[in-house]
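What follows is a set of notes on a single structure, which appears directly below.
We count ligands from 1, going down the list as the structure has it; atoms in each ligand are counted the same way. Keep in mind it's a predicted model, so treat the numbers as computed, not measured.
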Amino acid sequence: MTNLKRILTGTAAAAALMASAGIAGAETWRYAFEEAITDVQGVFATKFKEEVEANSDHTIQLFPYGTLGESADTMEQTQAGILQFVDQSPGFTGSLIPEAQVFFVPYLLPQDTEKLGEFFRTSKAINEMFPKFYADQGLELLTMFPEGEVCMSTKEPVHSPEDLNEVKVRVMTNPLLVENYKAFGATPTPLPWGEVYGGLQTGIIQGQENPMFWIESAKMYEVTDVITCIGHNNFTTAVMANKDFYDGLPEEDQQVIQGAIDTAFDHIIGYQKGLHQESLEKILEDKPSMEVNVLSKEERAPFVAAAEQVEDKFIEMTGDSGKELLEQFKADLEAVGE
Ligand code: 6CS
């Protein structure tokens, strides 16, 4: 046997041994998300990367928004196994996983980040029921986490559903979110993220909704004049892995991933303390003329009343599985005092 042959045979034998022992070599795993590296999803992803790299030989390569296309593109790439990890909001997962639209029944979620953290940590609906829906689409659901109270930003003030009459409000591409804004009196316009700034600038749309950090960092305030908070939702997102990739990992690697997810989750809950207010202050510093309205209980009442018809639509769209999920979701919220 030549030296080269001996080395090659040795390497193959070692690889076979490692494979049979379930030990994978150092790998680079690709992780895409829908925001910039300094935004909430980016801060989560950075913490996840640090944890995985500190506790294994693997490397995580991060792909912020725009580097691999829109949310729909990165989801396809994950399902195809080109990406190992993806962060995608249920706002874009509506057609793929209709049950994930439960996050768009208005006035279900609390706004307090700590309470939300407890809900996401303990919820049976999220931790036991949702993973099955994602698994059916070839995805391992690793976690879901909140990103902050959603507020509208529009060209004109909004104090009632009448003020939204004929206002084209951009929503994420999610059928229930469309129903949500119809019930609020607006003309919902589903669009991928990349078309929102230009759409507002040219007047094709006249409003959109997002958490305050995103209204600030994505400069939504440059192309709208009024921010209105009615407390109807808190932006939720989900981190997933390609299921075949995840299932094929040795248990040791799966544990590293779960540990990194748990650490990043705690980190992102803490990170968001005060973020809404800080972002609002930055907006007002840059554009003092921005009008900010937090609607009173009385003003919110018709929006709260509209939630019922959105809930009915959710059940119409998802049938028994959605109904069961919604009931569990409500029970889980009650368990954390909501
Ligand atoms: O509205 C959107 O489409 C975007 N909003 C946030 C907070 N994150 C990513 C998403 O694409």
Side-chain angles (χ1 to χ4, degrees), residues 31-46 62-78 83 85-96 100-101 103-104 106 109 111 113 116 120 143-154 168-178 180-181 186 188-201 204-224 227-229 232-240 268-269 271-272 275-276 278-280 282-283:
Y31 178 139
F33 50 99
E34 305 173 307
E35 298 170 2
I37 194 81
T38 49
D39 289 323
V40 175
Q41 289 183 16
V43 172
F44 182 99
T46 303
L62 295 178
F63 294 93
Y65 172 76
T67 50
L68 296 175
E70 288 286 354
S71 293
D73 302 312
T74 52
M75 177 54 88
E76 268 178 32
Q77 291 155 12
T78 308
L83 294 172
F85 299 97
V86 71
D87 186 329
Q88 188 184 73
S89 323
F92 292 111
T93 323
S95 311
L96 200 64
Q101 301 183 109
F103 291 101
F104 301 100
L109 292 175
Q111 297 298 356
T113 317
L116 275 166
F120 279 88
T143 192
M144 288 181 163
F145 61 87
E147 293 197 46
E149 178 180 348
V150 171
C151 296
M152 290 179 245
S153 73
T154 50
K168 289 202 189 90
V169 179
R170 177 270 175 174
V171 291
M172 290 180 281
T173 52
N174 179 307
L176 197 70
L177 203 41
V178 169
N180 178 172
Y181 269 85
T189 310
L191 287 174
W193 173 248
E195 293 175 37
V196 183
Y197 189 98
L200 286 165
Q201 202 171 29
I204 291 170
I205 48 173
Q206 297 93 37
Q208 62 89 38
E209 61 154 34
N210 255 307
M212 203 60 83
F213 85 86
W214 188 254
I215 295 177
E216 191 275 320
S217 74
K219 308 281 179 219
M220 286 294 101
Y221 64 90
E222 290 179 353
V223 281
T224 48
I227 292 176
T228 309
C229 301
H232 68 299
N233 205 359
N234 199 288
F235 195 96
T236 296
T237 200
V239 180
M240 296 145 262
I268 210 63
I269 296 296
Y271 172 81
Q272 288 178 68
L275 185 62
H276 179 98
E278 280 164 35
S279 307
L280 181 55
K282 278 191 201 161
I283 293 171

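Contacts with ligand 1 closer than 4.0 Å are made by side-chain heavy atoms of Pro211 only, the backbone lying farther away. Only the side chain of Phe235 comes within 4.0 Å of ligand 1, counting heavy atoms alone; its backbone N, CA, C and O stay farther away.
Of the protein's non-hydrogen atoms, Arg170 NH2, 2.9 Å is the one closest to atom 3 (O) of ligand 1. For atom 11 (O) of ligand 1, the closest heavy atom belonging to the protein is Phe92 CE1, 3.5 Å. Looking only at protein heavy atoms, the nearest one to atom 5 (N) of ligand 1 is Asn210 OD1, 2.9 Å. When only non-hydrogen protein atoms are considered, atom 4 (C) of ligand 1 lies nearest to Trp214 NE1, 3.7 Å. For atom 8 (N) of ligand 1, the closest heavy atom belonging to the protein is Glu35 OE2, 2.7 Å.
In this structure the side chain of Thr224 never reaches within 4.5 angstrom of the side chain of Thr154, judged on heavy atoms. Considering only heavy atoms from C-beta on, Gln41 comes within 4.5 Å of Thr237 through its side chain. Side-chain contact check for Phe213 versus Gln272: every heavy-atom pair is 4.5 Å or farther apart. At least one side-chain heavy atom of Arg170 sits under 4.5 Å from a side-chain heavy atom of Trp193.
For the residue pair Ser71/Gln88, the side-chain donor-acceptor check at 3.5 Å is not satisfied.
The closest approach between a heavy atom of Gln208 and any atom of ligand 1 is not below 4.0 Å.
Minimum interatomic distance between Phe145 and Asp87 (heavy atoms only, all atoms of both residues): CZ-OD2, 3.7 Å.
Using cut-offs of 30° and 60° for the angle between ring planes, the His232 and Tyr181 rings count as perpendicular.
Those atoms of ligand 1 that come under 4.0 Å of a heavy atom in Glu34, given as number and element, are 9 (C).
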